[in-house]
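Computed from a predicted model, the values in this text were never measured in an experiment.
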Amino acid sequence: MPTAWLNFARLLPEELPPPQDAEGGSALELMTRIRLRAVQEQERSDEALLPVPEEVRRRYAEIGRPTRLTRARALERHLGTPARIYLKREDQLPTGSFKLNSAIAQAYFASREGVRTLVTETGAGQWGHAVQYAARMFGLESIVFWAGVSARQKTSRRAVLSMLGARVHESPSAVTAVGRAVRESGRHASGSLGTAIGEAISYAAEHPEVRYVSGSNLPHVLMHQTVIGQETRAQLTALGEEPDVLVAAVGGGSNLMGLMAPFLEQKRARGDGLRLIGAESAAAPRLTKGTWRYDHADPGRMTPLSKSYTLGLDYELPETHVGGLRQHSGSTAVGVLRSAGWLDAVAYEEREIFETGRLVLRLEGFLPAPESCHALRAAIDEASAARRPTVIVVCVSGHGLLDIEGYLDAFPLQGV
């Protein structure tokens, strides 16, 4: 298990563009006030490695880190490919996704700073689930603003969050000033990760004792997730393998950067010999159709301006089951990789990714989350096109057992 998180900024092909205030705005000051001191210190650090506190490492071990790296042999045989496909199984963690890697760290920091209540946003519900799980681990409470369409779709995960004791609000809600404003505008009525982000920040601004924690996009979250890639690198080395292709789904960018950051030195040295692929939803095609510019991450403009690939604040996201990838903008770090030509991007339609999930279930015996299906689909395409032995590594970011409603919409039960 890694003893330190990787401060990946120095490994990027270009410097990270800093966040900015909009003209006359004070979002930077607000974010300083409502975020945990420890994560802000991590983002300011110039150290190459940031030690993982012993308590956090102990908790990582308790939840099952390091996670398994498995060979998808049945899938390889089905495809008739010379490629070797490896799956990094973050879906096997207790909440069913990689999100615990940062949630545990942030809950630990909150407990050390005397914070008792955390507020956050969630898209598909994976991050909200992880925050509440980690909050209980350290005796804290959490408040979760959940993109409304996903909260209504995912009744199974909503039930689990309720049993864990989370206080959940569908976004846009009437709980915050930002939520009320969005509702009155008549836009983004079904909610999105962006509306939920704005509401979580608004709530923290209105309640000085509460601290806002983010689940993606921001550098400290991506740093925490580098345990994924560090473990993967060690596991591949033990197998005598070197990756040719790394694949991850991309929404905010934390599982992608978590997998790929520890391999960026290899990318710089090998160039096209190591391909990085981000797989996104065709319903929110930021990397494939967006523009590289400064934008707010939320329609309420509570966030500072950050540079990313964005579809713009006015983009109305369709109601899909892929809540974790359903946002108009993303991570600055992922944008730098894409802008510099280090990251390829592909987009898939929802029907195609659910078909991929069913195929993986039948061949490999587990049901992946809709978000993870994008990465698996990209890996299948790469393997199908391979004409020589190629090592493909995929981050399976989450399981689909709490996304079963989406699968049932795609494949209705017969004879019931």
Side-chain angles (χ1 to χ4, degrees), residues 1-10 16 18-19 27-63 65 95 98-122 127-128 130-144 197 200-201 203-205 207-230 252-255 257-258 261-262 297 302-304 306 331-333:
M1 191 193 309
T3 59
W5 294 301
L6 181 63
N7 192 352
F8 60 84
R10 66 188 180 86
L16 279 173
L28 288 172
E29 185 279 328
L30 172 62
M31 293 300 287
T32 298
R33 177 160 56 86
I34 66 175
R35 292 167 63 202
L36 298 169
R37 294 190 302 273
V39 301
Q40 296 181 67
E41 291 169 3
Q42 288 185 320
E43 293 189 2
R44 290 193 296 266
S45 175
D46 294 325
E47 296 297 322
L49 297 172
L50 303 174
V52 180
E54 187 57 38
E55 172 71 2
V56 175
R57 291 190 76 237
R58 184 172 70 82
R59 299 291 187 171
Y60 279 175
E62 288 175 357
I63 64 170
R65 298 221 71 86
T95 61
F98 73 106
K99 294 289 189 177
L100 274 176
N101 301 326
S102 188
I104 289 174
Q106 295 192 62
Y108 165 78
F109 290 140
S111 69
R112 299 277 291 185
E113 294 179 21
V115 175
R116 306 309 306 160
T117 305
L118 304 175
V119 65
T120 195
E121 71 283 333
T122 196
W127 173 245
V131 168
Q132 177 58 20
Y133 183 99
R136 290 192 66 83
M137 185 180 282
F138 290 98
L140 312 179
E141 295 184 350
S142 77
I143 300 164
V144 179
I197 289 171
I201 294 172
Y203 189 93
H207 297 80
E209 75 284 2
V210 174
R211 288 296 175 268
Y212 167 67
V213 292
S214 176
S216 197
N217 288 32
L218 298 178
H220 69 273
V221 184
L222 278 57
M223 291 179 202
H224 298 159
Q225 295 297 349
T226 60
V227 295
I228 300 172
Q230 291 183 72
S254 57
N255 94 98
M257 191 60 71
M302 294 295 289
T303 53
S306 61
S331 161
T332 298

Peer 1: For A103 and A130, work out which heavy atoms get closest and say how close.
Peer 2: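 Result for this residue pair: CB-O, 3.6 Å.
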Peer 1: Not counting sequence neighbours, which residues clear side chain to side chain contact (heavy atoms under 4.5 Å, CB included) with S306? List them please.
Peer 2: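 Testing S306 for side chain to side chain contact (heavy atoms under 4.5 Å, CB included), a comparison that skips the adjacent residues, returns T332.
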Peer 1: Test of understanding: with side chain to side chain contact (heavy atoms under 4.5 Å, CB included), list the residues that count as partners of N101, not counting sequence neighbours.
Peer 2: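 For N101 the side chain to side chain contact (heavy atoms under 4.5 Å, CB included) partners, ignoring immediate neighbours, are Y60, R65, E90, L93, F98, Q225, V227, I228.
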Peer 1: Where do A297 and I197 come nearest, in terms of heavy atoms and distance?
Peer 2: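 Nearest heavy atoms, A297 then I197: O-CD1, 4.4 Å.
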Peer 1: Kindly write out the residues that satisfy side-chain hydrogen bond (donor to acceptor under 3.5 Å, both in side chains) with Y212, not counting sequence neighbours, or none if the list is empty.
Peer 2: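 With neighbours one apart ignored, the set is E121.
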Peer 1: Run H220 and Q40 through side chain to side chain donor-acceptor pair (under 3.5 Å) and show every step you take.
Peer 2: CA-CA 8 Å; H220 69 273; Q40 296 181 67; over 6 Å; no
Peer 1: Are H224 and Q42 close enough that some pair of their side-chain heavy atoms sits under 4.5 Å apart?
Peer 2: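 Side chain of H224 against side chain of Q42, heavy atoms only: contact under 4.5 Å found.
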Peer 1: For residues L16 and A333, report the shortest heavy-atom separation together with the two atoms involved.
Peer 2: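 It is CD2-CA, 3.6 Å.
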Peer 1: Is a side-chain N or O of T122 found less than 3.5 angstrom from the main chain of G128, in a donor-acceptor match?
Peer 2: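 Yes, T122 side chain to G128 backbone: donor-acceptor pair under 3.5 Å.
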Peer 1: Does a side-chain heavy-atom distance below 4.5 Å link T3 with V52?
Peer 2: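 No, side chains not in contact.
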Peer 1: Run the side chain to side chain contact (heavy atoms under 4.5 Å, CB included) test on L222 and S331 for me, step by step, so that the C-alpha distance in whole Å, both residues' side-chain angles and the decisive distance to 0.1 Å come before the verdict.
Peer 2: CA-CA 9 Å; L222 278 57; S331 161; 3.5 Å; yes
Peer 1: Side-chain contact test, heavy atoms from C-beta onward, threshold under 4.5 Å: evaluate it for I63 versus I104 and give yes or no.
Peer 2: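 Yes; the side chains approach each other to less than 4.5 Å.
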Peer 1: Count the heavy atoms belonging to other residues, nucleotides or ligands that lie under 6.0 Å from CZ of R58, then report whether that count exceeds 12.
Peer 2: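 More than 12 heavy atoms, drawn from other residues, nucleotides or ligands, come within 6.0 Å of this atom.
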Peer 1: To check you understand the geometry: which heavy-atom pair defines the closest contact between A204 and V119, and what is its length?
Peer 2: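 It is CB-CG1, 3.8 Å.
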Peer 1: Nearest heavy-atom pair of N7 and D46: which atoms, and what distance?
Peer 2: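 Answer, listing the atom of N7 first, then D46: ND2-C, 4.2 Å.
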Peer 1: Under the rule for side chain to side chain contact (heavy atoms under 4.5 Å, CB included), what residues qualify as partners of P53, not counting sequence neighbours?
Peer 2: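 With sequence neighbours excluded, P53 shows a side chain to side chain contact (heavy atoms under 4.5 Å, CB included) to W5, V56, Y108, F109, given in chain and number order.
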Peer 1: Is the closest side-chain heavy-atom distance between E141 and R116 below 4.5 Å?
Peer 2: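 In short, these two side chains do not touch, never coming nearer than 4.5 Å.
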Peer 1: Who passes side chain to side chain contact (heavy atoms under 4.5 Å, CB included) against P262, sequence neighbours left out?
Peer 2: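 Checked P262 against side chain to side chain contact (heavy atoms under 4.5 Å, CB included); matches are L6, T226, Q230, R233.
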Peer 1: Taking side chain as C-beta onward, heavy atoms only, is I143 less than 4.5 Å from L118?
Peer 2: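 The answer is no; the side chains never approach within 4.5 Å.
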Peer 1: Would you list the atom pairs, donor with acceptor, under 3.5 Å between side chains in residues 27-34 and any protein atom, with sequence neighbours excluded?
Peer 2:
| unit_1 | atom_1 | unit_2 | atom_2 | d |
| --- | --- | --- | --- | --- |
| T32 | OG1 | L28 | O | 3.0 |

Peer 1: Donor-acceptor pair, K99 side chain versus G215 backbone, under 3.5 Å?
Peer 2: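 Yes, the answer is positive, given that a donor and an acceptor are paired below the 3.5 Å cut-off.
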Peer 1: Taking only residues two or more places apart in sequence or in another chain, which ones pass side-chain hydrogen bond (donor to acceptor under 3.5 Å, both in side chains) with T120?
Peer 2: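 Listed in chain order: W127.
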Peer 1: Taking CZ in R136 as the centre, count heavy atoms belonging to other residues, nucleotides or ligands within less than 6.0 Å. Is the count above 12?
Peer 2: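 Count not over threshold, so no.
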Peer 1: Taking salt bridge (Lys or Arg N to Asp or Glu O under 4.0 Å) as the test, write out the residues that go with R59, two or more places apart.
Peer 2: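 Here the qualifying residues are E55, E62.
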Peer 1: Keeping E113 on the side-chain end and R37 on the backbone end, is there a donor-acceptor pair under 3.5 Å?
Peer 2: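 Side chain of E113 to backbone of R37, a donor-acceptor pair under 3.5 Å: yes, one is there.
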Peer 1: Is any side-chain heavy atom of R35 closer than 4.5 Å to a side-chain heavy atom of E43?
Peer 2: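 Yes. Closest side-chain heavy atoms under 4.5 Å.
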Peer 1: Say you draw a straight line from OG of S45 to CG of L50; how long is it, rounded to the nearest 0.5 Å?
Peer 2: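 Answer for the OG-CG pair, S45 versus L50, is 4.5 Å.
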Peer 1: Looking only at heavy atoms, which two atoms of P304 and P19 are closest? And how far apart?
Peer 2: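 Looks like CB-CB, 4.2 Å.
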Peer 1: Considering residues at least two apart in sequence or located in another chain, which fulfil the side-chain hydrogen bond (donor to acceptor under 3.5 Å, both in side chains) criterion with S142?
Peer 2: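 Per chain and number, S142 pairs via side-chain hydrogen bond (donor to acceptor under 3.5 Å, both in side chains) with Q132.
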